[in-house]
Amino acid sequence: MVRGKTQMRRIENATNRQVTFSKRRNGLLKKAFELSVLCEAEVALIIFSSTGKLCEFASSSMQATVERFQRHTRVTHHLERSLPHHHDQADQAANLLKEIESLEDSKRKLLGQGLGSSSYEELQQIEQQLQSSLAHVRATKHEAYKEQIDQLKEKEKYLAAENEKLAKKYLVQLEPRQSLTQVREVSPYLETSSTFDVETDLFIGPPKPRSK
């Protein structure tokens, strides 16, 4: 059965319109995915339905792709305005755009993205750059770790000195209290011994006569 040609006009029936939207949206998302995989293209797709529902697809990062599009649009717009009167500035803008694209491509490759089209020499160069960056990061990390240890040692010394000062201050305050406590413990015995009478067999006077 031959399908008739679809007329390009708004579908009046709401149900048919929603079904058509869902089918064509899914087909469009599938095509965008296939384009990004087969051709290694950076694709970003944004769809708003008639009810305001958002549908989106991004091969890498939607925000990064949109920012890239905005930069490209600004440079291109500036380039188009500058062409009639400022050819030199236009060339500079074009060169700047190429440099930005090259930097973004290098950044993606360093992150492990878009390596399918890279040659062996390019991959080897990327590997060397990553190894150099890793060595630099490790060296910086070691210095930061060493500096942190030195700070902790200094802090330990400071706390030990403060602890020693507090201990000496506590002992100085404690000595008068200990002396006063010892005096209070001895004084009751002194008072008690002075008030008691002691009975003995000692007799003072002439001796008694002995019995025969």
Side-chain angles (χ1 to χ4, degrees), residues 3 6 8 19-155:
R3 296 179 56 185
T6 303
M8 288 295 104
V19 171
T20 303
F21 171 77
S22 299
K23 290 182 178 180
R24 292 183 178 267
R25 177 199 59 192
N26 295 337
L28 186 58
L29 292 173
K30 181 180 179 182
K31 291 296 183 183
F33 172 73
E34 291 175 353
L35 182 63
S36 64
V37 175
L38 297 176
C39 303
E40 200 176 2
E42 185 175 356
V43 181
L45 177 62
I46 300 175
I47 304 173
F48 284 99
S49 67
S50 59
T51 59
K53 183 178 180 181
L54 171 64
C55 302
E56 63 179 34
F57 167 80
S59 58
S60 56
S61 170
M62 177 64 72
Q63 183 178 358
T65 305
V66 171
E67 291 177 353
R68 182 181 181 184
F69 170 76
Q70 291 176 345
R71 289 194 301 269
H72 187 276
T73 303
R74 286 195 297 268
V75 173
T76 304
H77 181 66
H78 177 73
L79 180 61
E80 291 176 351
R81 294 180 57 185
S82 303
L83 277 176
H85 306 289
H86 306 284
H87 296 287
D88 294 338
Q89 293 182 0
D91 293 337
Q92 293 178 1
N95 294 331
L96 179 61
L97 179 60
K98 291 180 180 179
E99 291 180 2
I100 293 174
E101 292 290 338
S102 178
L103 290 174
E104 290 181 349
D105 184 63
S106 299
K107 178 183 176 181
R108 287 194 298 271
K109 289 182 178 180
L110 288 174
L111 294 175
Q113 302 174 359
L115 298 176
S117 60
S118 302
S119 62
Y120 176 80
E121 288 76 12
E122 291 177 345
L123 293 174
Q124 190 174 14
Q125 184 178 4
I126 293 172
E127 183 181 6
Q128 292 175 356
Q129 291 177 356
L130 290 174
Q131 291 177 352
S132 177
S133 300
L134 182 60
H136 180 70
V137 170
R138 287 177 176 173
T140 306
K141 178 183 176 182
H142 178 72
E143 291 296 330
Y145 180 71
K146 183 179 178 182
E147 182 178 356
Q148 187 176 8
I149 291 178
D150 293 338
Q151 292 176 356
L152 291 175
K153 288 182 178 179
E154 291 296 329
K155 187 175 181 180

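For the atom pair CG (Leu96) and CD (Glu101), the distance works out to 10.5 Å, reported to the nearest 0.5 Å. The distance from atom CD of Gln125 to atom CD of Glu121, rounded to the nearest 0.5 Å, is 10.0 Å. In this structure, CG on Leu29 lies 10.0 Å from CD on Glu56, to the nearest 0.5 angstrom. If you take CD on Gln129 and CD on Gln131, they are separated by 11.0 Å, rounding to the nearest 0.5 Å. The NZ atom of Lys31 sits 9.5 Å away from atom CG of Leu38, with the distance rounded to the nearest 0.5 Å. Atom CG of Asp150 and atom CD of Glu147 lie 7.5 Å apart (nearest 0.5 Å).
Taking both residues in full, the closest heavy atoms of Glu42 and Ser60 are given as OE2-OG, 3.7 Å, listed atom of the first, atom of the second, then distance. In plain terms, the two heavy atoms of Ala41 and Ser59 that are nearest each other are O-OG, 3.6 Å. Nearest heavy atom pair, residue Arg25 against residue Ile47, reads CG-CD1, 4.0 Å. Closest approach of Phe57 and Phe33 over heavy atoms only: CZ-CA, 3.6 Å.
At distances below 3.5 Å, not a single donor-acceptor pair connects side-chain atoms of Ser36 with backbone N or O atoms of Glu40. For Thr140 (side chain) and His136 (main-chain N/O), a donor-acceptor pair under 3.5 Å exists by modelled atom type.
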Check the pair His72, Leu97 against side-chain contact (heavy atoms from CB on, under 4.5 Å), reporting the backbone distance first and the verdict last. CA-CA 7 Å; His72 187 276; Leu97 179 60; 3.9 Å; yes
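Shown here is Gln63, whose CD atom has no more than 12 heavy atoms of other residues, nucleotides or ligands within 6.0 Å.
Looking only at side-chain heavy atoms (C-beta outward), Lys23 and Val19 come within less than 4.5 Å of each other. Within the 4.5 Å cutoff, the side chain of Thr65 has no heavy atoms near those of the Arg68 side chain.
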